[in-house]
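Heads up: the structure comes next, in structure tokens.
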Amino acid sequence: MTLSIKRTALASVLLAISAALAVLGGVMHFAAGLKPTQAVPLPTKYTDKTEMYLNDAPFLTVSDTNPYRQDIIAGLNTISSKPEAGSEEFCHTPELTVVDKKGNKFEYGLAVTSYSSPDVEGAESTPDTVAFYARSYNQLGEARVKYYSPDEDINKLRENIRNAVPYEYKRIGSFEGVVTYVKDKNISLYSEKYGYIQVFTNDAKNAIVGDTIQADYAGENASKLPSAKFMADVTNITQGDVTKTAPDYLTPLPFEYEVFAFENADKLANGYPEVITDKEELDFTLWLYDESGKIPKDVINKMTAKYDENFFADNILLFVSSQHSDAEVKAAVMANWTGDPDILYINDGKDNNPALIAVSVERMNWDEEVFEKYIIN
């Protein structure tokens with residue numbers, strides 16, 4: 001029993017000493033720490049334990065088995081000894097991000113200043129200037145940027161960073177995501193697991209914005225590309241029916257629509273949905289169109305009678321112009337990826353008879369984001 005008491009007493013003393021040291025250490029750290037406006041100094045030494053990720057995508061880590069990892073570390077270790085260059089006006093998305101044990105983030109990439117060419121025949125233009133940047137932040141989130149001339153060492157570092165990307169994409173292998181942008185062979189995807197990823201494919205399988213697709217890594221020839229890209233074979237899971245897209249990405253909204261055909265209807269609202277949220281706003285908008293003569297009076301009277309005070313208690317109204325009176329509204333959805341508007345999917349028809357489409361959406365289901373029109377034919 002006595003021994004147990006002694007041990008307990010000793011433990012209490014040690015805990016007290018540890019607590020005191022912790023407090024003292026915290027005070028010393030605070031006293032020696034940076035002011036909130038002072039950026040964290042850039043690392044001067046990078047080691048095997050340095051945590052890094054690529055293309056401003058935290059999921060795309062430079063793994064221990066990546067064959068370019070050691071070359072990247074060696075390249076980073078050359079930067080601190082290099083003289084700084086003049087500043088540039090714009091920093092591109094970081095090619096590499098380093099995170100230290102305290103969670104401080106350091107970013108590296110290309111910075112440019114672009115000069116407009118004089119609009120005079122034969123006049124000499126000023127060439128754009130380029131630098132490699134290293135960026136750190138203070139406690140307020142403000143950046144401190146250092147610029148370096150892209151010499152042979154830095155060009156080699158950037159090459160190793162680009163070459164490291166395909167290895168990590170190959171480790172991912174395949175994933176599902178929703179299309180947030182598509183043009184030709186270029187597809188931007190949003191994945192719950194990985195966030196935003198841009199993939200390139202020889203066949204987009206008729207994917208539209210909102211389709212859920214599976215992207216399977218299909219290899220890469222980095223030497224023929226300006227930067228490392230995810231080349232993929234694509235499987236279109238939803239085949240244009242965005243109402244089948246997982247609710248993680250899109251939330252279908254209940255909607256109704258009516259088509260009014262008349263001359264010059266396609267010139268209203270510049271082709272974008274105009275969101276009307278109350279009766280006074282509708283009356284004012286229709287009054288403007290009445291004064292300009294762009295909407296016939298019979299159409300205005302019909303709309304005024306249908307979309308009254310009772311309607312706006314429970315619904316919002318969208319005006320959407322079309323070149324075709326046989327246009328169909330296929331879906332109205334809330335986009336659940338960050339920063340994007342809601343979407344109205346329209347099959348725009350073929351009869352070349354201009355029309356105004358009035359789309360109503362239940363107010364209780366709307367997230368108050370502005371809609372954009374997406375043509376699916």
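Just so you know, residue 1 is the first one in the sequence shown, and it goes up from there.
- For the residue pair Asn353 and Gln323, no side-chain donor N or O sits within less than 3.5 Å of a side-chain acceptor on the partner.
- No donor-acceptor pair closer than 3.5 Å links the side chain of His92 to the backbone N or O of Ala111.
- Between Glu51 and Lys101 there is no salt bridge, since no side-chain nitrogen of the basic residue lies less than 4.0 Å from a carboxylate oxygen of the acidic one.
- In summary, the side chains of Thr285 and Glu281 do not present any donor paired with an acceptor at a separation below 3.5 Å, with no hydrogens or angles considered.
- Here the rule is side chain to side chain contact (heavy atoms under 4.5 Å, CB included) with Val179, and of Ile213, Val199, Thr238 only Ile213 fits it.
- Arg363 places a side-chain N or O within 3.5 Å of a backbone atom of Phe312 that can act as its donor or acceptor partner.
- At distances below 3.5 Å, not a single donor-acceptor pair connects side-chain atoms of Thr235 with backbone N or O atoms of Ile237.
- Not counting sequence neighbours, the partners of Lys297 by the salt bridge (Lys or Arg N to Asp or Glu O under 4.0 Å) test are Asp290.
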For Met303 and Leu356, run side chain to side chain contact (heavy atoms under 4.5 Å, CB included): C-alpha distance rounded to whole Å, both residues' side-chain angles, the deciding distance at 0.1 Å, then the answer.
CA-CA 11 Å; Met303 295 182 73; Leu356 177 68; 4.2 Å; yes
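- Counting only distance, with no hydrogens or angles, the side chain of Asn55 and the backbone of Ala57 share no donor-acceptor pair below 3.5 Å.
- Residues Ser63 and Tyr167 bring no donor and acceptor atom of their side chains to less than 3.5 Å of each other.
- For Lys205 (side chain) and Val234 (main-chain N/O), a donor-acceptor pair under 3.5 Å exists by modelled atom type.
- No donor-acceptor pair closer than 3.5 Å links the side chain of Asp211 to the backbone N or O of Ala207.
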Does Ser136 form a side-chain hydrogen bond (donor to acceptor under 3.5 Å, both in side chains) with Asn104? I'd like the steps, not just the answer.
CA-CA 8 Å; Ser136 62; Asn104 296 312; over 6 Å; no
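- Panel note: side chain Glu142, backbone Asn138; no donor-acceptor pair is recorded below 3.5 Å.
- Looking at Gln239, its side chain does come within 3.5 Å of a backbone N or O of Asn236 through a donor-acceptor pair.
- We find the CD1-CZ distance between Ile295 and Phe262 to be 4.5 Å, quoted to the nearest 0.5 Å.
- Atom CZ of Phe371 and atom CD1 of Ile343 lie 9.5 Å apart (nearest 0.5 Å).
- Looking at Glu107 and Tyr133, their side chains never bring a donor and an acceptor atom within 3.5 Å of each other.
- Using a 4.0 Å cut-off between charged side-chain N and carboxylate O, Asp64 and Arg69 make a salt bridge.
- In this structure, Phe230 and Tyr169 have perpendicular ring planes: the angle between them is above 60°, well past the 30° mark.
- Here the side chains of Asn66 and Arg171 are not in contact, with every heavy-atom distance at 4.5 Å or above.
- When atom types are taken as modelled, the side chain of Glu89 and the backbone of Ser114 share a donor-acceptor pair closer than 3.5 angstrom.
- No salt bridge links Glu159 with Arg162; every basic N to acidic carboxylate O contact stays at or beyond 4.0 Å.
- Remark: Asp203 does not engage Lys185 in a salt bridge, criterion side-chain N to carboxylate O under 4.0 Å.
- Counted within 6.0 Å of NZ on Lys294, heavy atoms from surrounding residues, nucleotides or ligands total 12 or fewer; the atom is thus considered open.
- In this structure, a donor-acceptor pair under 3.5 Å is absent between the side chains of Asp56 and Thr93.
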Report the C-alpha distance between Glu88 and Thr113 in whole Å, list the side-chain angles of each, state the deciding distance to 0.1 Å, and finish with yes or no for side-chain hydrogen bond (donor to acceptor under 3.5 Å, both in side chains).
CA-CA 5 Å; Glu88 303 293 344; Thr113 297; 2.6 Å; yes
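- Counted by atom type alone, Asn365 and Glu362 present one or more donor-acceptor pairs between their side chains at under 3.5 Å.
- Note on ring orientation: taking the six-membered ring where Trp is involved, the planes of Tyr194 and Phe175 are perpendicular (angle over 60°, cut-offs 30° and 60°).
- Although no hydrogens or angles enter the test, the distance criterion places no donor-acceptor pair under 3.5 Å between the side chain of Thr61 and the main chain of Tyr53.
- Interatomic distance, CG of Asp71 versus CG of Leu157, reported as 9.5 Å (0.5 Å rounding).
- Among residue pairs with one or both ends in residues 290-311, those qualifying as ring pair (Phe, Tyr, Trp, His ring centres under 6.0 Å) are Tyr307-Phe311; sequence neighbours excluded.
- One finds the CZ atom of Arg158 at 4.5 Å from the CG atom of Leu110 (value rounded to the nearest 0.5 Å).
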